[in-house]
*Asks:* 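The following block contains the structure, expressed as structure tokens.
In what follows, chains are A, B, ... by sequence order, proteins preceding strands, each numbered from 1. Note that this is a predicted model, so its numbers are computed, not measured.
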Amino acid sequence: MAILEIKHVSKFFGGLAANSDVSFEMVSGMIMGLIGPNGAGKTTLFNCITGYYPPSRGEIIFDGHRMNGLHPDAVCKLGMARTWQKVRPLAKMSVVDNVMVGALCRTNSLKKAREMAMEKIHVVGLGNRVKFLAGSLPIGERKKLEVARVLATQPKLLLLDEVMGGLNPAESEEIIQLILDIKNIGITQMVIEHDMKAIMRISDRIVVLNSGEKLAEGNPQEIVSNKAVVDAYLGGE
Amino acid sequence: MRPFMHNMRGTSTLPVLLAVVAVAALFLLPNFVESTYALHIMILIFISIIMGSGWNILGGYTGQYSVGHAAYFGVGGYTTIILMQYRHIAPWYGVWAGILVAVAIALIIGTICFRLRGPYFVLASIAVAEIFRVTALNLKKLTNGAEGILITDIPPFKIGDVVITDFMSKVPFYYIGLVTLIIAIFATWMLQNSKLGYYFQAIREDQDAAHSLGINLTIYKNVALACSVVFTSLAGSLYGLYVGFIDPSTVLALDLSVQIVMTCIIGGIGTIFGPVIGAVVLVPFSEALRSNMIAQAIIDSGLVSENSGFGFFLKEQLSHAHVLIYGILLVVVILYMPDGILGFVRKLTSKRRKEAI
Ligand SMILES: Nc1ncnc2c1ncn2[C@@H]1O[C@H](COP(=O)(O)OP(=O)(O)OP(=O)(O)O)[C@@H](O)[C@H]1O
Ligand SMILES: [Mg+2]
């Protein structure tokens, strides 16, 4: 069953079509890779899906709900959570407090939120950073904090925007394992990533965006052998 | 060995003990202090702490820098005093009415202004407060305009037939102020340890991240404003009753809004005791300026001759220059103690520990 349906979504910034007529579906439990060159409109699509701004045209259906016009907080409550390409730690709050803010989406009890937060902090491997201020973490740990925080909101669908961006190979590998672990506990994911090897490894299906349009969709083998994709994107590497 | 025990919540017992001793001392103080001037300064400090704590909830914890809180201070004060003076409603009912009116107005203003972010919100809050000041100046029937309202007398506070106080001295105001400020501090502590407190701080740290983590910005900013305004309004009522006079240029002025913000910034915003420290520093300082004590001291010390041009300037103009001096003080604090006095002291004491809290 489709957990997310994107139907003919367009987003215009003045004359610029950051997304134009994008359609695809996601099945529950899968990992969808979303790739494309810089400026292809990947982050814009995340912003439209999560209610950061409304799409100019088209429709987004999540878990049976029409999402158009919903604000990010309502989207989060429905069970969809996103991380930010440019990380947004709550800098002057500790790691555990950051994750608790996410957990408080589902409970009013600080005690329960703290337990939930500690669990997620250990899942992403920040167990030795619990009381550190989020603003004091290096980039790799900030990215993990982003993931812990959204996991704490108990999402059905997770949108990860370049969580490996700026990380060294060892850290990237940890994130890859983390994404696979998250898949194993049954959370559906859409992953934006520039690292081709990583995206091929983790994705069940891949959507390629180029200049705002959907260029191709298919499983990883189909994508690497797609001529248009190779020309537009992979060839350029 | 550690110097003092830590209880389960992680707060050390020493500060708690200190606070208890301080509160006890403050309760006993009027029995030993004869000087009404000393009591006067204490009461002004108490009121300043109450309004600072109020602002701190919105500005310090939620990160919404209102520079128009005089509006709520004034609305609270005017409501209480108008009700008492023209409708003969005793102030211990009036203050609640003041809170209700101030909060109701705040929610209308908040719903409009919270769409704005950063400097735009600051400007809007200043503009709104100016609108209130001009309105109070012109609604002469209600507020008596620029002449203000002089309180003729406050009815004695009775429980049954027993007169608790007749408000003839400063002492009852001292105790009311003290109790209210303790409530304000306790409320801040409660907030800091609640879901609301987490949500407020998340909004302060990153509004977009907070929004995407399920926090309804409009609702929680307005809740923060309402909590904040409760104490600001209380401070306004208390101030009006204590001074016995209320007019737009004291309770609705931009000066006052700035002073509220300064109290928090100097003490340390977003901390429970920041407003306390800010008030303890700022109130005596501004009193000294106003009463020309500082200028006189400089001249008496022989640094500057009374007859020189500079000496003349000090004596005649310094008391009028308090806004300028506030400005300089603010710049110094922001440059050298960005987290206020409290943050500065904390940094000094915790240099060894590099990690958080
Ligand atoms: N708020 C905005 N206002 C105007 N233009 C925007 C806005 N957000 C994005 N754009 C433009 O839309 C296009 C798509 O941007 P987007 O950030 O979605 O690309 P992306 O695929 O995420 O790129 P990258 O890989 O660099 O993150 C770009 O040309 C960008 O400049
Ligand atoms: Mg992007």
*Asks:* Among B/Ile215, B/Asp208, B/Leu196, single out the residue with the greatest number of heavy-atom pairs under 4.5 Å to chain A.
*Replies:* B/Asp208
*Asks:* With only heavy atoms counted, which part of B/Tyr198 is less than 4.5 Å from chain A, the side chain, the backbone, both or neither?
*Replies:*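 Both backbone and side chain.
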*Asks:* If you count every heavy atom of other residues, nucleotides or ligands that lies below 6.0 Å from B/Phe344 atom CZ, does the total exceed 12?
*Replies:*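 Not more than 12 within 6.0 Å, no.
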*Asks:* Test your reading of the model: is there a side-chain donor-acceptor pair from B/Glu205 to the backbone of A/Lys92, 3.5 Å cut-off?
*Replies:* yes
*Asks:* What part of A/Val75 is in contact with chain B, defined as an atom under 4.5 angstrom from a non-hydrogen atom: side chain, backbone, both or neither?
*Replies:*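 Interface part for A/Val75: neither.
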*Asks:* Going from CZ on A/Arg88 to NE2 on B/His211, what distance comes out if it is rounded to the nearest 0.5 angstrom?
*Replies:*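 A/Arg88 CZ to B/His211 NE2: 12.0 Å, rounded to 0.5 Å.
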*Asks:* Assess whether atom OH of A/Tyr53 is packed by more than 12 heavy atoms of other residues, nucleotides or ligands within 6.0 Å.
*Replies:* yes
*Asks:* Taking side chain as everything from C-beta outward and backbone as N, CA, C, O, which of these in A/Thr153 sits under 4.5 Å from a heavy atom of chain B? Side chain, backbone, both or neither.
*Replies:*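 Contact with chain B: side chain only.
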*Asks:* Select one option (side chain, backbone, both, neither) describing which atoms of A/Ala91 are under 4.5 Å from chain B's heavy atoms.
*Replies:*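 Both backbone and side chain of A/Ala91 come within 4.5 Å of chain B.
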*Asks:* Report, as yes or no, whether the 6.0 Å neighbourhood of atom CZ on A/Arg205 holds more than 12 heavy atoms from other residues, nucleotides or ligands.
*Replies:*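 Yes, CZ of A/Arg205 has more than 12 neighbouring heavy atoms, counting only those of other groups under 6.0 Å.
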*Asks:* Identify which part of A/Thr107 has an atom lying under 4.5 Å from any heavy atom of chain B, answering side chain, backbone, both or neither.
*Replies:*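 When you check distances to chain B, only backbone atoms of A/Thr107 fall under 4.5 Å.
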*Asks:* How long is the straight-line distance from CG of A/Leu90 back to CG of B/Asp206, given to the nearest 0.5 Å?
*Replies:*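 So the gap between those two atoms works out to 6.5 Å.
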*Asks:* Could you give me the CA-CA distance, side-chain angles and deciding distance for A/Arg149 and B/Leu213, then say whether side chain to side chain contact (heavy atoms under 4.5 Å, CB included) is met?
*Replies:* CA-CA 8 Å; A/Arg149 206 166 61 182; B/Leu213 291 171; 3.5 Å; yes
*Asks:* If you count the non-hydrogen atoms of other residues, nucleotides and ligands that lie under 6.0 Å from OH in B/Tyr120, is the total more than 12?
*Replies:*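 No, OH of B/Tyr120 has 12 or fewer neighbouring heavy atoms, counting only those of other groups under 6.0 Å.
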*Asks:* To the closest 0.5 Å, what do you measure between CG (A/Leu104) and NZ (B/Lys195)?
*Replies:* 5.5 Å
*Asks:* Looking at every non-hydrogen atom in both residues, tell me the closest pair between B/Ser212 and A/Pro72 and how far apart they are.
*Replies:* CA-CB, 4.0 Å
